[in-house]
Amino acid sequence: MNTLLKYPLGYVLIISLCSIFINACSMESSPWDVNVDAEYQDLTRKHLDALYARDPIVNDDGDFTFAIVGDPQGTPADFKAAIDEINRHDNVNFILILGDMTDYGLLHEYEWAAQVIVESSVPVLTVIGNHDAISHGKDIYTDMFGPLDYVIEYAGFRFAMWNNNLYEFGVTNFEWLKNNLDENTIVASHVPPVQDMHNAEQLDEWLAINRDKQILGSLHGHRGGKNSFYWETDETPYYVVARNRGERFAIVTIDSEREINILECTGKCPEEVE
Amino acid sequence: MKLFVLLLSLVSTISFASESMYALAPGSELETPYYGQVQSFGFQGTVAVGLSADFSSWYSGSIGVGYSPSSVTGQDIFNGFLQNRFLFLPDYAISENIVMSPYLGLSMIFGTSDDLFYQLPEQYSPSYYPPTALRMTLDFGLSMTLGERYSGLLQWSLLDSEVPPLVFHSEGFKPINQYGSVLLGLRYRL
């Protein structure tokens, strides 16, 4: 054993070290803390207010553009890079996060996402993902963002932001979907209409609602990895965005013919979308 | 993976404890120092109490129960914890009565809450989620022996979910919520 310092200098050293240590770090009681800082509460309302305060951006050809990001859990740096890159595009009206901002529904993971979201000049709107809803994630999401189902009415379009995480909530609210769709609607939800959480009967009900309401399109996360997926059912386009890891995101444009065009981006987006 | 580490933790604790006891001469008193422990934070409860032992010169462990009130966690949470401390670095004496021992540690935290689970609920396919009621921390700490009876613990614990973003995906991102949590503890030799 070495005698490093003699009393009383040793006491000064150890107290100084302790002070630096404590001040430099947070003191969390539990991994399952739920207290959301006021700055990060009610983000959906704050960003909707910001969106509605702006005039819609529509180019000379009548193109309306927004961005989508899927599953940024566990990669806050990539999430930040994607949001920063989208902010460099002056034609993007808003950003939709298609769920799974967290891996474990823990507060610190939510805070990483919220930190990026509040720094974005372009309004950011979210749907809850299945990972966001585990542990105490439902309570944190509600505090941090707000309602689980809501509608954005903007530039003549309707965006139905829908919670369809069947396993975590025990039910999928198809009635809400039915009551909030029309022919100008794009649905945004975490889980896509494929064999995953929903059984064949539920998928039939879901697709029938979309068909009957003649929606413009349906956007999702959850199943995207490095690759995205696009398909059409009953002439309705369905798209699963690639996971954000690797700074992936997509730019969605609705043209004057109400056709949806999707440009997939990794890190940077090509110039032609600007 | 977590269950493997949990098993490893339990086995190492038991084996070190056994080794320590077998090392005693027949008829002599048990030499392993045991401690009562109180602590706060470090993801192991707003307040926590436990039993601690120095099983060898380089291995120490604690087991105990923590509590976090609903004002912090939404609902009252009791959690168990199992701490393993490995004292590989040299001790330093600051004075005759104060000795500092740096350590690396690995802790398991077991939570109880309606929203947490060990066994995956039946609607999920196997391994859909890891158990949400079980978390691990990587610990970096300093044990300070304060006289013959007391020792303090000052520890920085990094939660398992914080490690990948910190190690692999941190470039260009500085989180507002600093990584990790500080644990303050006091042990009293029994």
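Naming: A, B, ... by sequence-line order, numbering from 1 per chain.
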>> Apply side-chain contact (heavy atoms from CB on, under 4.5 Å) to residues A:Leu106 and B:Leu159 and explain how you reach the verdict.
In response: CA-CA 11 Å; A:Leu106 301 178; B:Leu159 198 62; 4.0 Å; yes
Please report the shortest heavy-atom distance between [X] and [Y], naming the atom on each side.
{"X": "A:Tyr104", "Y": "B:Pro130", "answer": "CE2-CG, 3.9 Å"}
{"X": "B:Val72", "Y": "A:Asn35", "answer": "CA-ND2, 3.6 Å"}
{"X": "A:Trp32", "Y": "B:Leu134", "answer": "CZ2-N, 4.4 Å"}
{"X": "A:Gly74", "Y": "B:Pro165", "answer": "O-CG, 3.8 Å"}

>> Using modelled atom types and a 3.5 Å cut-off, is there a donor and acceptor pairing between side-chain atoms of A:His136 and backbone atoms of B:Gly74?
In response: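 Flag not set: sc A:His136 to bb B:Gly74 has no pair under 3.5 Å.
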At a 4.5 Å cut-off on heavy atoms, which part of [X] comes close to chain A: side chain, backbone, both, or neither?
{"X": "B:Ser113", "value": "side chain"}
{"X": "B:Ala48", "value": "neither"}
{"X": "B:Thr46", "value": "both"}
{"X": "B:Tyr67", "value": "neither"}

Gap separating the [atom1] atom of [X] from the [atom2] atom of [Y], nearest 0.5 angstrom:
{"X": "A:Glu28", "Y": "B:Gln44", "atom1": "CD", "atom2": "CD", "result": "13.0 Å"}
{"X": "B:Tyr128", "Y": "A:Tyr167", "atom1": "OH", "atom2": "OH", "result": "6.0 Å"}
{"X": "B:Ile77", "Y": "A:Ser29", "atom1": "CD1", "atom2": "OG", "result": "10.5 Å"}

>> If you apply the rule side-chain contact (heavy atoms from CB on, under 4.5 Å), what do you find for A:Met27 with B:Leu183, and how did you get there?
In response: CA-CA 7 Å; A:Met27 301 179 82; B:Leu183 179 147; over 6 Å; no
>> For B:Asp115 and A:Ser135: C-alpha separation, side-chain torsions, deciding distance, then whether side-chain contact (heavy atoms from CB on, under 4.5 Å) applies.
In response: CA-CA 5 Å; B:Asp115 295 329; A:Ser135 300; 6.0 Å; no
>> side-chain contact (heavy atoms from CB on, under 4.5 Å) for B:Gln123 and A:Met197? Distances and angles first, verdict last.
In response: CA-CA 9 Å; B:Gln123 69 265 33; A:Met197 296 183 187; over 6 Å; no
> Where on A:Asp196 is there a heavy atom nearer than 4.5 Å to chain B: the side chain, the backbone, both, or neither?
Replying inline: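 Contact with chain B is through the side chain of A:Asp196 alone.
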> Checking A:Glu39 against chain B: side chain, backbone, both or neither under 4.5 Å from a heavy atom?
Replying inline: neither
>> Before we go on, tell me: are the rings of A:His108 and B:Tyr179 under 6.0 Å apart, centre to centre?
In response: no
> Which one of A:Asn130, A:Asp84, A:Asp103, A:Thr102 has the most heavy-atom pairs closer than 4.5 Å to chain B?
Replying inline: A:Asn130
> Are side-chain heavy atoms of B:Tyr129 and A:Ile134 found at a separation under 4.5 Å?
Replying inline: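 They are in contact (side-chain heavy atoms under 4.5 Å apart), so the answer is yes.
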